[in-house]
Amino acid sequence: MTTAAIDIVILGRPYKVACPAGQEEALQRAADMLNERIRKFRESGKSASNEQIAIMLALNVCHELELEKDKNHQYADAMDRRIKMLQHTIEEALASKVN
């Protein structure tokens with residue numbers, strides 16, 4: 001897998017970051033999203049150091065990720081139940097045709 005180095009700016013500081021080739025735009029969008037969250041956090045009136053801001057935002061993102069994982073698991077479980085129900089219905093229909 002090839003990587004590309006791109007320049008992003010977070011908290012007003014430039015960083016050169018390696019990312020998989022073809023993912024540069026996605027990484028830039030992620031950096032933009034992070035900067036927007038930082039801006040909103042600061043506008044909320046909460047006084048905090050850059051380290052505190054980074055930790056709070058990382059915690060928020062991890063929490064959101066866990067919520068999304070839970071939703072995905074629930075969706076996958078629901079789809080699994082539906083597939084099993086359909087399989088059962090098909091098997092019953094086929095069995096009744098044979099008899």
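Model, not experiment: these values are computed from the prediction. Computation of the quantities below employed the complete heavy-atom set of this structure, encompassing side-chain atoms and omitting hydrogens, waters and symmetry-equivalent molecules.
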Criterion side chain to side chain contact (heavy atoms under 4.5 Å, CB included) on Val61 and Leu34, from CA distance to verdict
CA-CA 10 Å; Val61 168; Leu34 178 57; over 6 Å; no
How long is the span from the [atom1] atom in [X] to the [atom2] atom in [Y], to the nearest 0.5 Å?
| X | Y | atom1 | atom2 | answer |
| --- | --- | --- | --- | --- |
| Glu36 | Ile38 | CD | CD1 | 10.0 Å |
| Leu94 | Ser96 | CG | OG | 7.5 Å |
| Gln23 | Glu25 | CD | CD | 9.5 Å |
| Ile55 | Asn60 | CD1 | CG | 12.0 Å |
| Ile90 | Leu86 | CD1 | CG | 6.0 Å |
| Leu11 | Glu51 | CG | CD | 12.0 Å |

Within the side chain of Glu24, is there an N or O that forms a donor-acceptor pair under 3.5 Å with the backbone of Gly22?
yes
Donor-acceptor check, side chain of Asp7 to backbone of Pro14, threshold 3.5 angstrom: yes or no?
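Pair absent, no side-chain N/O of Asp7 close to backbone of Pro14.
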SB check Lys40 Glu43 (cutoff 4.0 Å)
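No salt bridge links Lys40 with Glu43.
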Salt bridge or not between Lys84 and Asp80? Use side-chain N to carboxylate O under 4.0 Å.
yes
No-hydrogen, no-angle side-chain donor-acceptor test under 3.5 Å, Glu68 and Asn72
no
Take a 6.0 Å sphere around CZ of Arg39 and say whether it holds more than 12 heavy atoms from other residues, nucleotides or ligands.
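Yes, because the 6.0 Å sphere around CZ of Arg39 holds more than 12 heavy atoms from other groups.
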Work out which heavy atom in Ile10 is nearest to a heavy atom in Tyr15; give both atom names and the distance.
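Ile10 and Tyr15 have their closest heavy atoms at O-CE1, 3.7 Å.
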